[in-house]
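Handing you this structure, nothing more for now.
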Amino acid sequence: MQKPALPKGTRDFAPEVMARRNFILDHIRDTFEKFGFQALETPAVERLDVLTGKYGEEGDQLIFKILDSGDYLAGLSPSDFQDYKKLSPKIAEKALRYDLTVPFARFVTMHRSGLAFPFKRYQIQPVWRGDRPQKGRYREFYQCDADVVGTDSLLCEAEIILMINEVLDKLGLRNFTLKINNRKILSGLAEFVGHPDQVGPMCVAIDKLDKIGPEKVLEELAERGFGESACEKIRPLLALDGTYESKMAFLDEIFTHSETGRQGQAEIRQMLALGQAYTQARDFIQDYHLDFDLTLARGLTYYTGAIFEVKALGVSIGSISGGGRYDNLTGAFGMPGVSGVGFSFGVDRLYDVMEELQLFPAETALSTQVLFSNFGEAEQAFSLPLVRQFRQAGINTEIYPEAAKLKKQMQYAHQKNIPFVVLVGETELAQEKLMLKDMRTGAQLLLSAQEAQARVRAAEMG
RNA sequence: GCGGUUGUAGCUCAGUAGGUUAGAGCACCAGAUUGUGGUUCUGGGGGUCGCCGGUUCGAGCCCGGUCAUCCGCCCCA
């Protein structure tokens, strides 16, 4: 006999877990739809050539490839076996999707003539990465993306701020920071320190400020070829710990000669002004948990404008959402010049954070409200129409499918956390009434079907 | 890809210096209670001590290898 086991980095979602995951997903879906986003699903399997080359060399290594069916060795020559990187596209035509963004770009390109632009879609599906699993890190995990393509209006950025706040508020997660920045500001900084071509390496180093501290960041910059004068120019930036206004004032000073940097500032200002106009908030930045963070870089190279990242405070896991604007999403598929902005919730991490903070309401686990017990043939025949009647009244109802010992049936109800049990035995049958037992208090009442339904509904309300 | 941790019952773990028949709690099953769960009491089932080899009269324990696991680093959600 073989011992069953899961592949590394994958998980089962048991019913209790699913109830909680759905609690999160329902709120995310509701919010996305409320803002006019439409659902999209794409296949788990994509053609390998659609995925490769989009995530950098390291990313390509992490793509799960699917071995061709049949005799995949046919037509190969010994030289093909010299380099495994060159072999894989010859024996694997397909692969599991690595994220939702690239399949989305493929979709937009393929359907461009039929779509209404600006096109707003959301997509909630699993993705796969051949990564080494760790805490908060899986090989199969869900992403919840929402993107708008075909407009560069900053209204989209403002709405992303609103959506993130709405979802987290509904989930009861109040202690978080929504970090914002703009890639153009980072480009401006790179210009300012005299390394306009080194935005990428600069960001990778700056991004680690939280983790390793300012001195180590400067060391890393030096290693990456930034000279002493450049480092000295960055130093005051790493020490900045002021308000939005003071950071902006600092940038006003250093960006006198950087058109790009000033553009980034203008975008941030306009995004905030639109959010303010939307919400009429007394203090938009504070009320919507915003933090203008000049060190926020988000490693991804394809962001060109706004960037976002959400950190849950007071927990070990941290980052639960992120996104930004990109200018050339579909370029790789021959459709240049399409600007888009999007973001993503990490459901699995959101789940872990909510569990750590005990934010799940108790009733998410609840499903069946009433269990009809089963005493035997005559009682069952009497019960079946009533079960149907309960269901038609909108009450989640089930009947125990066989006349097992009552103890066993009660245990079943208890284990499934069913709040009410209906007992129909000889005496109830004779009176055409139901014994309704409240499993929490243990109290039971002899009632008509109508009265029993009313009681169940009343309990549901309060 | 690199560094470390831990593998004993379904789960969490104990296991003395290398010594008889490997334990506990929880979970599970049955009974106390043939119309009542959650509490209580009584009884019961359940183990190739990750795997392979070595040392030894004797290995859960020591040694070598191997596989798995979790945690860091890199990178990411």
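In this text the structure is predicted, and so the values were computed from the model without any measurement.
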(message) Rounded at 0.5 Å granularity, tell me how far CD1 in A:Ile307 sits from CG in A:Asn181.
(response) 4.5 Å

(request) Examine B:G37: is either OP1 or OP2 under 4.0 Å from a nitrogen or oxygen in the side chain of A:Lys408? Give yes or no. (result) no

(message) Stacking between A:Tyr412 and B:G37, defined as ring centres under 5.5 angstrom apart with planes under 30°, is that present or not?
(response) no

(message) Tell me the interatomic distance from A:Glu309, atom CD, to B:C75, atom C1', rounded to whole angstroms.
(response) 14 Å

(message) Measure CD/A:Glu140 against C1'/B:A77 and give the value in whole Å, please.
(response) 14 Å

(message) For A:Tyr351 and A:Phe360, I'd like to know if the aromatic rings sit close, meaning centre-to-centre distance below 6.0 Å.
(response) yes

(request) Provide the Watson-Crick or G-U wobble partner of B:C76, both distances under 3.5 Å; none if there is no partner. (result) none

(message) Can you say whether a donor on the side chain of A:Thr427 sits under 3.5 Å from an acceptor on the base of B:G35, or the other way round?
(response) yes

(request) Check the distance between B:G37's C1' and A:Met439's CE and give it to me in whole angstrom. (result) 4 Å

(request) Take atom CZ of A:Arg132 and atom C1' of B:C74, then tell me their distance rounded to the nearest Å. (result) 12 Å

(request) Pick base, sugar-phosphate or nothing for A:Gly442, based on heavy-atom distances below 4.0 Å to the nucleic acid. (result) base

(message) Rounding to an integer number of Å, can you tell me how far A:Asp352 CG sits from B:A77 P?
(response) 16 Å

(message) Looking only at the aromatic ring of each residue, does the gap between the centers of A:Phe345 and A:Tyr142 stay below 6.0 angstrom?
(response) no

(request) Would you indicate which nucleotide in B:G37, B:G35, B:A77 comes nearest to any side-chain atom of A:Leu406? (result) B:G35

(message) Rounding to an integer number of angstrom, what distance separates B:C75 and B:U48 when you compare their P atoms?
(response) 44 Å

(message) Distance criterion of 3.5 Å, no angle test: do you see the side chain of A:Glu428 paired donor-to-acceptor with the base of B:G35?
(response) yes

(message) Once hydrogens and angles are ignored, does a donor-acceptor distance under 3.5 Å link the base of B:U36 to the side chain of A:Gln444?
(response) yes

(request) Would you mind reading off the distance between A:Gln123 atom CD and B:A77 atom P, rounded to a whole angstrom? (result) 16 Å

(message) Centroid separation under 6.0 Å, is that true for the rings of A:Phe308 and A:Phe343?
(response) no

(request) With C1' as the reference atom in both, quote the distance from B:G58 to B:G19 in angstrom, rounded to an integer. (result) 7 Å

(request) In whole angstrom, give the distance that lies between atom CG of A:Leu62 and atom P of B:G1. (result) 11 Å

(request) With the side chain counted from C-beta on, respond yes when A:Gln453 and A:Gln389 share a heavy-atom pair under 4.5 Å apart, and no when they do not. (result) yes

(message) For the C1' atoms, the ones on B:A24 and on B:U69, what distance do you get once it is rounded to whole angstrom?
(response) 24 Å

(message) Let me spell it out: for each of A:Lys8 and A:Gln143, pick the nucleotide of RNA chain B with the closest heavy atom. Which residue's pick is nearer the 5' end?
(response) A:Lys8

(message) Could you check, using the six-membered ring where one of them is a Trp, whether A:Tyr412 and A:Tyr400 have ring centers closer than 6.0 angstrom?
(response) yes

(request) Ignoring backbone atoms, establish whether A:Lys405 has a side-chain N or O less than 4.0 Å from OP1 or OP2 of B:G31. (result) yes

(message) Can you see if the side chain of A:Gln411 gets near the phosphate of B:G38 - specifically, an N or O under 4.0 Å from OP1 or OP2?
(response) yes

(message) Quick check for you: among B:U69, B:G37, B:G35, whose closest atom lies nearest to any side-chain atom of A:Glu426?
(response) B:G35

(request) For B:A77 versus B:C67, give the span between their P atoms, rounded off to a whole number of Å. (result) 31 Å

(request) State the pairing partner of B:C28; accept Watson-Crick or G-U wobble contacts with both distances under 3.5 Å, and report none otherwise. (result) B:G44

(message) With a 3.5 Å limit on both atom pairs, tell me what B:C62 is paired to, counting Watson-Crick and G-U wobble, or say none.
(response) B:G54

(message) Ignoring hydrogens and geometry beyond distance, is the side chain of A:Lys437 in donor-acceptor contact with the base of B:U36 at under 3.5 Å?
(response) yes

(request) Could you please name the option among B:G37, B:A77, B:G35 that lies closest to any side-chain atom of A:Lys407? (result) B:G37

(request) Take atom NE2 of A:His414 and atom P of B:G38, then tell me their distance rounded to the nearest Å. (result) 7 Å

(request) Identify whether any heavy atom of A:Tyr138 sits under 4.0 Å from a base atom; if not, whether one sits that close to sugar-phosphate; answer base, sugar-phosphate or nothing. (result) base

(request) Identify which one of A:Arg106, A:Arg97, A:Lys94 satisfies the salt bridge (Lys or Arg N to Asp or Glu O under 4.0 Å) criterion when paired with A:Glu46. (result) A:Arg106

